[in-house]
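Single-structure report; data block below.
For this chain, numbers begin at 1 and follow the sequence in order. Computed from heavy atoms alone, side chains included, the values below leave out hydrogens, waters and symmetry copies.
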Amino acid sequence: MSNKHIDADAVWQETAASEKALVAAAASAEQIEMNQLLGRLQATQAIAAMLDGLSLAQIAQIKEGKRYKQLAGQKMVIDGAEIRLDTWEGFCAALGSSRRAIEEKLDNLRLLGTEALEKATALGMTTQELRKLRRLDASDQQIVIGEIEVAAGDKEAIIDLITDMAAKHSKEREELQAKLEDQRGEAVASERDRKSVV
C-alpha cells in the first residue's frame, strides 16, 4: 500500500513539474511574441522619425526658396475656411499644421541636424523639451546633442541634463542681474555723493 502511495506522489510531482514546464513554455512564447512586437514598433517609430526628418528637410528647402509661392492662385478648404496655398501660412495649413508648429520643427532641425532630430524623435522628446534645449547656450547645446546622438534609449537622462543646464543658466542670470543691480545702486549713490559735494 505504501508503494501505491509513493507512486501516486511521484505521479503528482511529475504532473506538477509538467504543468510548470508548460506554463514556462507558454510564458516564453508570450515573451517572444512581445519582444517581436516591441521590435516591430521600435522599427516603425524609427522609420517614422526618419521620414519626418526627410519631410522637414524638404519643407526647409521650400521655405528658404519661397517655393510655396509657385502655388499662386491655388486654394484649399481647411476646416471650412478657404486657404491660399501661395503663402507660408497657407502652405503650412495644407500640410496639416500651423506655421508656428512647423517653424518650431524647422528650428529643431537647424539645431540638431537630421540624424540627431530623428534620434530625439525616436526617444520621444517633446516639443517643450526641444524648446528648452534651444534656449541653452551653444556649448551646452552641443553637449546635449552629443548625448542624443549616442543615446541608448535613455530619454530621461537627456531631459535631466537639459533641465540641469537650464537651471544652472537661470542661476547664473540671476547672479548677473543681482550684480548689475548692485552696480546701479553704487552708481546712483556715487552720483548722489558727487552732487552733494559740489
Side-chain angles (χ1 to χ4, degrees), residues 33-170 173-174:
E33 184 180 337
M34 262 321 287
N35 283 330
Q36 289 172 339
L37 181 58
L38 175 62
R40 284 193 298 268
L41 289 170
Q42 288 172 327
T44 302
Q45 288 178 335
I47 290 168
M50 182 183 70
L51 292 174
D52 193 36
L54 292 172
S55 265
L56 279 175
Q58 289 178 336
I59 292 168
Q61 289 174 350
I62 290 168
K63 182 182 183 207
E64 288 167 13
K66 298 187 180 200
R67 295 178 56 197
Y68 52 87
K69 290 186 179 215
Q70 295 172 4
L71 299 172
Q74 295 185 38
K75 296 178 181 178
M76 184 179 215
V77 176
I78 300 172
D79 295 330
E82 191 173 77
I83 306 292
R84 288 180 39 201
L85 300 181
D86 62 345
T87 65
W88 176 236
E89 194 148 338
F91 182 77
C92 292
L95 293 175
S97 194
S98 70
R99 175 194 54 79
R100 182 173 182 250
I102 288 182
E103 286 179 357
E104 192 150 358
K105 288 179 181 181
L106 292 174
D107 288 343
N108 293 336
L109 176 65
R110 275 189 290 281
L111 174 64
L112 296 170
T114 306
E115 188 175 316
L117 182 58
E118 288 172 14
K119 288 185 179 181
T121 303
L123 285 171
M125 294 186 72
T126 66
T127 301
Q128 183 178 10
E129 292 157 355
L130 293 172
R131 191 177 301 134
K132 284 180 185 177
L133 172 59
R134 288 195 316 268
R135 288 186 196 131
L136 297 176
D137 66 28
S139 62
D140 287 344
Q141 286 174 346
Q142 291 309 310
I143 292 169
V144 174
I145 291 168
E147 290 293 317
I148 290 171
E149 288 173 341
V150 297
D154 197 358
K155 172 188 169 190
E156 294 306 317
I158 293 170
I159 292 169
D160 289 344
L161 181 61
I162 293 170
T163 303
D164 291 346
M165 288 179 169
K168 177 184 104 181
H169 290 292
S170 178
R173 278 191 298 272
E174 288 173 10

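When side chains are defined from C-beta on, L111 counts as touching Q141, because their heavy atoms get closer than 4.5 Å. The side-chain heavy atoms of R134 and N108, taken from C-beta on, include a pair separated by under 4.5 Å. Within the 4.5 Å cutoff, no side-chain heavy atoms of V77 are placed close to those of I83.
The shortest heavy-atom contact between R110 and E103 is NH2-O, 4.4 Å. V144 approaches L136 most closely through the heavy-atom pair CG2-CD1, 4.2 Å. Taking each heavy atom of A94 and L85 in turn, the nearest pair found is CB-CD2, 3.6 Å. Between W88 and Y68 the shortest heavy-atom distance is N-CE1, 3.3 Å. Looking at every heavy atom in both residues, T127 comes nearest to E104 through CG2-OE2, 3.2 Å. What you find for E129 and G124 is that their closest heavy atoms are OE1-O, 4.2 Å.
For the side chain to side chain contact (heavy atoms under 4.5 Å, CB included) with K119, the lone residue among I148, I145, T114 that qualifies is I148.
Judged by distance alone, the side chain of E82 and the main-chain N or O of K75 form no donor-acceptor pair under 3.5 Å.
A distance of 6.0 Å separates CG of L112 from CG of L130, quoted to the nearest 0.5 Å. Atom-to-atom distance recorded for R40:CZ and N35:CG is 11.0 Å, nearest 0.5 angstrom.
A salt bridge does not link E89 to R84: none of the charged nitrogens lies less than 4.0 Å from a carboxylate oxygen.
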